[in-house]
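Before any comments, here is the structure.
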Amino acid sequence: MVFQTHKELSTKIESLKNENLKIGFVPTMGALHDGHISLMQEAMKSNDILVVSIFVNPTQFDNASDLSQYPRTVKNDTNLIYNHFGKANVMIYTPNVEDIYGNNAVAKSYKYDGLEQVMEGANRPGHFDGVGTILEFLFQKVRPDHAYFGEKDFQQLQIVKKLVEKLHSPVKIIGCPIKREPHGLA
Ligand code: PAF
């Protein structure tokens, strides 16, 4: 089932929680590829329900043209997920910016004990504040038991682990190995 608002999503999540079903969550910005599918496969193995979010998060872009040019292929993405996993135990959340941010799309500020100041974080100021803001929101609404991230984005994975530690969030973060194309592209 596809949910466009967090209100509808939360209502459904509440009933799944009441049934004690385990929720595996894969947050994405869409334009799905095999790497995402492999995260979803992992989620399906250890949970009763797969939740995938598809949302191009404006607050993690430090460049307006990157944001406007980011591919938005929600229809294809939704079909791809259903083709792989069927519809029965799959929930897809495709909010618009307003559903997440109201009329004020700004990031909160996070301290990740310095992790944000090195590597990619050093070149993209505010990027990981945007990532933290969207993930804090999504974890609150989806209430996953497990959330899956690629080890390809190594720094992001470390930061997400730090985020849930600081938020005292019960979600368990699972890092998954890099999936490579035959010619080596991650
Ligand atoms: O890795 C991504 O695609 C994004 O940073 C995430 C985790 C979906 C947050 O918008």
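Everything quoted here is computed from the prediction, not taken from an experiment. Order of appearance sets the numbers: ligands from 1, and atoms from 1 within every ligand.
Closest non-hydrogen pair, Y148 versus P27, comes out as O-CD, 3.8 Å.
Contact annotation: for T28 versus ligand 1, heavy atoms closer than 4.0 Å belong to the backbone alone.
The protein heavy atom nearest to atom 3 (O) of ligand 1 is M29 CG, 3.7 Å. The shortest contact between atom 7 (C) of ligand 1 and any protein heavy atom is with Q156 NE2, 3.6 Å.
The nearest non-hydrogen atom to atom 4 (C) of ligand 1, considering only H36, Q60, H127, comes from Q60.
Residues N57 and Y101 have side chains that bring a donor and an acceptor to within less than 3.5 angstrom of each other. Under the 3.5 Å distance criterion, with hydrogens and angles disregarded, no donor-acceptor pair is assigned to the side chains of D62 and H127.
Note on L50 and I13: separate hydrophobic clusters, where clusters join Ile, Leu, Val, Met, Phe, Trp and Tyr whose side-chain heavy atoms are under 4.5 Å apart, directly or indirectly.
Ligand 1 places these atoms under 4.0 Å from at least one heavy atom of I134: 9 (C), 10 (O). Within ligand 1, the atoms closer than 4.0 Å to a non-hydrogen atom of P27 are 8 (C), numbered from 1 in the order shown.
Summarising the local packing, NZ of K111 is surrounded by 12 or fewer heavy atoms from other residues, nucleotides or ligands at distances under 6.0 Å.
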